[in-house]
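Working notes for the structure below.
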Amino acid sequence: MDYEVVIGLEIHSELKTKSKIFCGCKNEFGGEPNTKCCPICLGMPGVLPKLNKKALEYAIKAGIAMNCKISRFSKMDRKNFFYPDMPKAYQISQYDLPICYDGYVDIEVNGEKKRIGIERIHLEEDAGKLMHDPFGQGSLIDHNRCGVPLIEIVTCPDVRSAEEARILFETIKTILEYTEVSDCQMQEGSLRADVNLSVRPRGQKEFGVRTEMKNLNSLRAVQRAAEAEAKRQIAVIEKGGQVIQETRRWDDNKGESFSMRGKEEAMDYRYFPEPDLVPIVVDDAWLNEIKASIPELPLSRKERYVNELGIPPYDAGLITMNKKLADIFEEAYKVCGNPKLASNWIMTDILRRINEQGDSVLDSLNGAKFGQILLFLEKGEITQASAKQALDTFLETGEEPESIINRLGLKVQRDENLVLAAVKDVIEKNPQAIADFKAGKTKAFGFLMGQTMAALKGKGDPAQVKKILEEQLNAAINE
Ligand code: ADP
Ligand code: ZN
Ligand code: MG
């Protein structure tokens, strides 16, 4: 029997506001436990929450970027459950009136575009963190994360493979980075995905029973968890069993998932409107302001690079996956006037630096200055090797490219008399190579070329050196 996999993702993303969602505490990762909290985010009785407008703005921004409708009237609701990392014993979330709904994102799978529906995006607060105490017998609670603003993005069950699930997660991550609503630090838990998955015999219309795997925090984990879960469900069905609707925990080290608990239903949460917060009304002026702040998004950038700048699709995809890199490319090609030169340098030199030193190298790489170095190269004023040297120095010192090139004397040496003198000198000092060249050994020419370039300290213009060397060699042979 041939099975089809059906997947929907629920993605939680922390918003990078300065303060928490309902109080003035700092929204920052880490720090000494329980130092970034107050009576409001600790859930003391009698306190009153107040909605952080920036958090709402970021949720709307994410929604617009994912082509959602924006609710002009919505509200916050209480989702009641008891868990020790949630001191109020309820989470303030949104139930029937999410701030964003009915959107979509386009993903690219094997060069083909596919549209995935976004059911809703709602605003809610994060919980604290439990840490098992290795000395005592219990668990310790850090409340610093309580009340950090979150959005939950719920996709429609439109995904049909583990690979598509990974690409969707990555695409949404990139959109959140481009719109600058989240820093998407998966190792710190600021972006995590739940994978809902079912299988059905290919051709069957109804969906199968689904399971949910919670809190996956890497692209790879999403893909591997989905692959393993699809296999597990198919094996259960093939053995004549039935998949049960449940929540499972994915263990990325073991490469296996384990049953955690039966799936809770909405009614288990006894949702009701949050009585301490007023409803949310979004007016035209504000909505238009937020719309205007949305930058060009990754997929449309990629298409522009391919169609208008002639960049190969693979390169364009890789560059636009990282907003900083794409911004650097954008500035660099405008300054040097040659998009392909800029993208080639990014695909080779800059990616090598990222591999060696990590993403932080991009922080010291100013796109316009990088473009200036490429412009010297484009105009033939410096060689490829000198451009690399200038870039090294720029990344170290931040000095102006022009001043680096002058200070290190990197400009190409085009003075005909100087080049001629160097060529003559090399010919005189290398009689054996001249004899080899006479005997038809073409390798000897390369050797002489290298000697001349070295004599010019690498600053000769290769085309000019080659021309003068050829002339002089022919003259020497015909003597
Ligand atoms: P609940 O409210 O119980 O969490 P939702 O309808 O909100 O359920 O769906 C949660 C997620 O599960 C969504 O991402 C949705 O796309 C996905 N989903 C729903 N049904 C299925 C199914 N049969 N197979 C796979 N994914 C599903
Ligand atoms: Zn607080
Ligand atoms: Mg749900």
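Start at 1 and go down the list; that is how both ligands and their atoms are numbered.
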Those atoms of ligand 1 less than 4.0 Å from some heavy atom in F207: 23 (N)

N, O or S from C37 under 2.8 Å to the Zn ion (ligand 2): no

Donor-acceptor contact present, side-chain S300 to main-chain E296, <3.5 Å: no

Of the listed options R210, R120, Q245, closest to atom 27 (C) of ligand 1 (non-hydrogen atoms): R210

Angle, SG of C23 through the Zn ion (ligand 2) to SG of C41 - 10° precision: 110°

Any N or O of L197 closer than 3.5 Å to N or O of ligand 1: no

No-hydrogen, no-angle side-chain donor-acceptor test under 3.5 Å, W286 and N288: no

C25 near the Zn ion (ligand 2): N/O/S under 2.8 Å: yes

Gap between atom CG of D349 and atom CG of N344 - 0.5 Å precision: 11.5 Å

Sub-4.0 Å atoms of ligand 1 with respect to non-hydrogen atoms of V154: 13 (C), 14 (O)

NZ/NE/NH1/NH2 to OD/OE distance under 4.0 Å, R353 and E356: no

Test item: K114 side-chain N/O and D106 main-chain N/O as donor-acceptor pair under 3.5 Å: no

Between R248 and S257: side-chain donor-acceptor atoms closer than 3.5 Å: yes

Ligand-residue contact atoms, ligand 1 with G208, heavy atoms, under 4.0 Å: 23 (N)

For V6, atoms of ligand 1 separated by under 4.0 Å from a heavy atom: 24 (N), 25 (C)

Enumerated ligand 1 atoms positioned under 4.0 Å from heavy atoms of L9: 14 (O)

A193, C156, S198: member with heavy atom nearest to atom 24 (N) of ligand 1: S198

Test item: E378 side-chain N/O and G337 main-chain N/O as donor-acceptor pair under 3.5 Å: no

Heavy-atom nearest neighbour of atom 15 (C) of ligand 1 within options D194, T155, V159: T155

From R78, K88, K50, residue fulfilling salt bridge (charged side-chain N to carboxylate O under 4.0 Å, His left out) relative to D276: R78

